[in-house]
Amino acid sequence: MAKTMNNEDMKINNSNDKAVSDSHTEEYKIEKDGLTEESMEPDSIDIAQLRTPIKVDLSAVYDFLGARTTQAWVEAASADVPLIIQDHANCEKKAAGTAMNLLFRYEFSYDLQRKLAQLIREEMLHYEQVLGIMNEREQEWGYLSAGRYAKGLLKHKRTHEPAAMVDVLIIGAFIEARSCERFAALAEVIDDERLAKYYRYLLKSESRHFEDYLALAQSLSDDNIDERVAFFKEVEAELISSPDTELRFHSGTPAERFS
Ligand SMILES: [Fe+2]
Ligand SMILES: [Fe+2]
C-alpha cells in the first residue's frame, strides 16, 4: 500500500520544515561578485542577484546516471547557446507542468504534495530566470519541437497503479539528475561567465530535485525500486549516448547531421 497522509505524518513533516529550509540556506556559499551579502537574494528572478554555491558535490548524480555526456554534445551545445537557452526554458516549464499533473493525480500523500508544491515553485522561478536571460540577450522566443528524450523514457512507464506513479517519479529523478550533469558540463566550457554562473547556481536545486523524486518513488512503493531504477538507468544512458539528429538540452550524442 502506498503511504497515506494522516495527522501524525503531518506533525512529523511540519517539524522537519525548519531543518529543510535551514539546510537550504546554510549550504549557500556566497560568491561576492561585487555585491554585499545582504543585497543578494537566494530566490531572485534577476540572475545578477543570485547566491551561487562555489562547490556542489555531484558524486551522487554521477553515480546515479549510467553514462556521462559526450564531449561531442558539449561542443555542439556550446556552439549553439541560443538553442540551448530556448530548450532550457521549455524544460523548466515542462518540469513544473509534470509536477503539477502529479500534484492533481496523486492527492493521498502529504509528502508527495509538499515536495511537488516546492518543486513547482522552484521550476517556475527557474523559468522566470531563463526568460530574464532571454530578454537580457534580446533573444526572441522561438518554437522548438520536443526531442526524443522524455518520450523515450515515458514509453516504458507501466500502466497500472501504483507502478505508473513510481515509474514517473523514477523518470523524474533521471531527468533532474541529467539536467544537473549537463549544467555542470556546460558551465565548464561556455564562453559566457554570467550564464556559466547561473548554471552553477542551478546545480543545487536540480540535484535536490533528483534526490526528492527518488526518495518519493521509494517511499510510495511497496516493493524495492532498485530493479526499476536499474532498468531506467540503461534506457536513459542509451538515449544520451546514442546518435541523435536533433540538438536539445537532453539530446543524445550528435549524429553526423543535425536536422
Ligand atoms: Fe529547474
Ligand atoms: Fe528541477
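Counting starts at 1 for both ligands and their atoms, in listed order. Nothing fancy with the numbering, it's 1 onward along the sequence.
- Take the N/O/S atoms of E123: the one nearest the Fe ion (ligand 1) is OE1.
- Side-chain contact annotation: H88 with S179, donor-acceptor N/O pair under 3.5 Å absent.
- Residues E161 and Y106 bring a donor and an acceptor atom of their side chains to less than 3.5 Å of each other.
- Nearest to the Fe ion (ligand 1), among the N, O or S atoms that H126 has, is ND1.
- Within E176, the N/O/S atom positioned nearest the Fe ion (ligand 2) carries the name OE1.
- Distance check for H209 against the Fe ion (ligand 2): an N/O/S atom falls below 2.8 Å.
- Taking 2.8 Å as the threshold, E206 counts as a candidate ligand of the Fe ion (ligand 2), since one of its N, O or S atoms lies below it.
- Using modelled atom types and a 3.5 Å distance limit, the side chains of Q129 and Y198 yield a donor-acceptor pair.
- Within E92, the N, O or S atom lying nearest to the Fe ion (ligand 1) carries the name OE1.
- Judged by distance alone, the side chain of S221 and the main-chain N or O of Q218 form no donor-acceptor pair under 3.5 Å.
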side-chain hydrogen bond (donor to acceptor under 3.5 Å, both in side chains) between S145 and R248: does it pass, once the steps are laid out?
CA-CA 9 Å; S145 60; R248 295 289 184 271; 2.9 Å; yes
